[in-house]
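Just so you know, ligand 1 is whichever comes first in the structure, and atom 1 is the first atom listed for that ligand. Since the model is a prediction, treat every value here as computed from it, not as a measurement.
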Amino acid sequence: MIKKFKDISELSQYAARSFIEIAKRSIEERGRFLASLSGGSTPMRLYELLGDQFQNEVDWPLVHFFWGDERCVPVDDPGNSYGQTKKVFFDKIQIPNENIHRVLSELEPDSAAKDYANTLKAFSEPPLDWPRFDLALLGMGDDGHTASLFPGSPVDVDSATLAVTANYQGRPANRVTLTQNVLNSSRNVLFLVTGRAKAVTLSRVLSDNYMPAELPVQRIAPADGNLIWLMDEEAGSLL
Ligand code: 6PG
């Protein structure tokens with residue numbers, strides 16, 4: 001499903017309402033809501049809304065947050081996704097710290113990736129070694145990466161997490177990412193994509209040409225879940 005919005009504000013409002021709807025349904029059906037968050041600039045407006053306008057809309061003690069990827073820098077570094085999200089979202093809601101499952105970005109990337117695979121295992125849904133997220137939020141780089149699955153990275157991997165090094169727009173290079181194995185187990189995947197710089201890549205990604213090595217975002221296809229693209233008119237201008 002593809003939905004286009006005038007701008008990031010309208011898109012973020014819709015994303016917030018979708019988040020809340022999926023959270024409430026998951027809590028009704030399974031007693032908890034497992035959500036994987038995305039880094040980058042695009043979801044920040046959504047996190048601000050959830051920490052402000054919608055802060056009383058969800059039973060936060062029944063929510064567990066995970067990350068689709070993280071940059072291996074200290075939490076107080078502006079490049080750390082957990083740290084940035086904590087300021088605008090987690091610090092504004094009543095959620096137990098133990099419900100926020102951050103990547104230990106202060107560790108060596110390989111150790112942080114192994115540690116995070118164990119964190120995921122603690123929420124695993126057999127026969128999987130990881131949880132089925134009720135919602136995975138993802139973004140897309142103008143190079144076609146998502147989470148920290150970058151062009152040229154190995155397509156066929158068995159693991160839940162990977163330590164990667166990637167150069168993208170001068171952002172921290174060392175990262176830990178979930179693989180498509182985990183993300184494709186999600187019940188709902190919500191992509192948030194904005195800006196003209198992503199229009200060409202988005203039109204290639206949503207074309208019939210399947211190029212998973214070159215366009216890792218195409219590796220995301222939930223086996224038994226919904227895939228929803230939220231974009232602004234600029235990003236979707238070539239569709
Ligand atoms: C990250 C993200 C990454 C992001 C894209 C798009 O931590 O960097 O997980 O995959 O979603 O790079 O970033 P923007 O939203 O800033 O364009």
Side-chain angles (χ1 to χ4, degrees), residues 5 7-9 11-12 15-16 19 35-49 65-75 77-90 100-105 109 112-113 116 133 135-153 160-180 182-184 186 189-202 204-206 212 214-220 227-237:
F5 299 87
D7 56 27
I8 192 163
S9 289
L11 182 154
S12 302
F19 178 103
S36 172
L37 302 179
S38 171
S41 55
T42 310
M44 292 310 286
R45 185 79 190 94
L46 164 62
Y47 300 152
E48 287 163 6
L49 288 170
F65 286 120
F66 301 82
W67 290 94
D69 68 327
E70 181 62 280
R71 299 91 172 264
C72 294
V73 290
V75 167
D77 184 298
N80 185 274
S81 301
Y82 161 77
Q84 296 304 302
T85 308
K86 183 175 184 301
K87 286 185 201 150
V88 301
F89 184 15
F90 303 150
I100 300 170
H101 308 282
R102 71 179 184 88
V103 172
L104 299 184
S105 56
Y116 209 55
F133 294 129
L135 175 62
L137 289 176
L138 288 170
M140 183 194 82
D142 53 20
D143 60 353
H145 81 264
T146 190
S148 283
L149 299 169
F150 283 86
S153 62
T161 61
L162 286 173
V164 303
T165 300
N167 292 310
Y168 181 72
Q169 297 184 346
R171 297 178 183 183
N174 292 325
R175 295 149 173 256
V176 168
T177 188
L178 299 189
T179 64
Q180 63 264 25
V182 179
L183 296 166
N184 285 338
S186 306
V189 172
L190 198 58
F191 276 102
L192 282 60
V193 183
T194 62
R196 191 167 298 287
K198 297 181 180 179
V200 172
T201 301
L202 198 51
R204 296 177 68 214
V205 165
L206 295 173
E214 201 182 321
L215 298 171
V217 71
Q218 286 185 323
R219 302 174 198 175
I220 307 302
L227 176 58
I228 304 151
W229 289 87
L230 304 184
M231 58 190 69
D232 68 356
E233 284 165 3
E234 287 195 333
S237 56

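- Looking at atom 13 (O) of ligand 1, its nearest protein heavy atom turns out to be Arg171 NH1, 3.2 Å.
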What's the verdict on side-chain hydrogen bond (donor to acceptor under 3.5 Å, both in side chains) for Arg175 and Ser148, showing C-alpha distance, side-chain angles and the deciding distance? CA-CA 7 Å; Arg175 295 149 173 256; Ser148 283; 2.8 Å; yes

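- At under 3.5 Å, not a single nitrogen or oxygen of Thr146, backbone or side chain, sits near a nitrogen or oxygen of ligand 1.
- The two atoms that bring Leu11 and Asp232 nearest to each other are CD1-N, 3.8 Å, heavy atoms only.
- The distance criterion of under 3.5 Å between nitrogen or oxygen atoms is not met by Tyr168 with respect to ligand 1.
- The CD1 atom of Ile228 lies 11.0 Å from the CZ atom of Phe191; values are rounded to the nearest 0.5 Å.
- Residues Thr146 and Arg219 are not in side-chain contact: their nearest non-hydrogen atoms beyond the backbone lie 4.5 Å or more apart.
- Protein heavy atom nearest atom 17 (O) of ligand 1, with residue, atom name and distance: Lys198 NZ, 2.6 Å.
- Closest protein heavy atom to atom 15 (O) of ligand 1: Thr42 OG1, 2.5 Å.
- In this structure, the protein non-hydrogen atom closest to atom 5 (C) of ligand 1 is His145 NE2, 3.4 Å.
- Remark: ligand 1 atoms within the under-4.0 Å shell around heavy atoms of Ser38 are 9 (O), 11 (O).
- Atom-to-atom distance recorded for Ser105:OG and Arg71:CZ is 11.0 Å, nearest 0.5 angstrom.
- For the side chain to side chain contact (heavy atoms under 4.5 Å, CB included) with Leu37, the qualifying choice from Leu135, Leu138, Leu137, Leu46 is Leu137, the only one to do so.
- The closest protein non-hydrogen atom to atom 8 (O) of ligand 1 is Arg71 NH2, 2.8 Å.
- Of the candidates Ser148, Ala147, Ser81, Ala147 brings a heavy atom nearest to atom 3 (C) of ligand 1.
- Near Gly139, meaning under 4.0 Å from one of its heavy atoms, ligand 1 places the atoms 11 (O).
- Of the protein's heavy atoms, Met140 O, 3.5 Å lies nearest to atom 6 (C) of ligand 1.
- For the pair Leu230 and Val193, the minimum side-chain heavy-atom distance is 4.5 Å or more.
- Among protein heavy atoms, atom 9 (O) of ligand 1 sits closest to Asp69 OD1, 2.6 Å.
- At a threshold of 4.5 Å between non-hydrogen side-chain atoms, the residues Glu214 and Arg204 count as touching.
- For the pair Ser36/Leu178, a side-chain contact is recorded, criterion being any heavy-atom separation below 4.5 Å from C-beta on.
- Residue contact check for ligand 1: Gly68 places no non-hydrogen atom closer than 4.0 Å to it.
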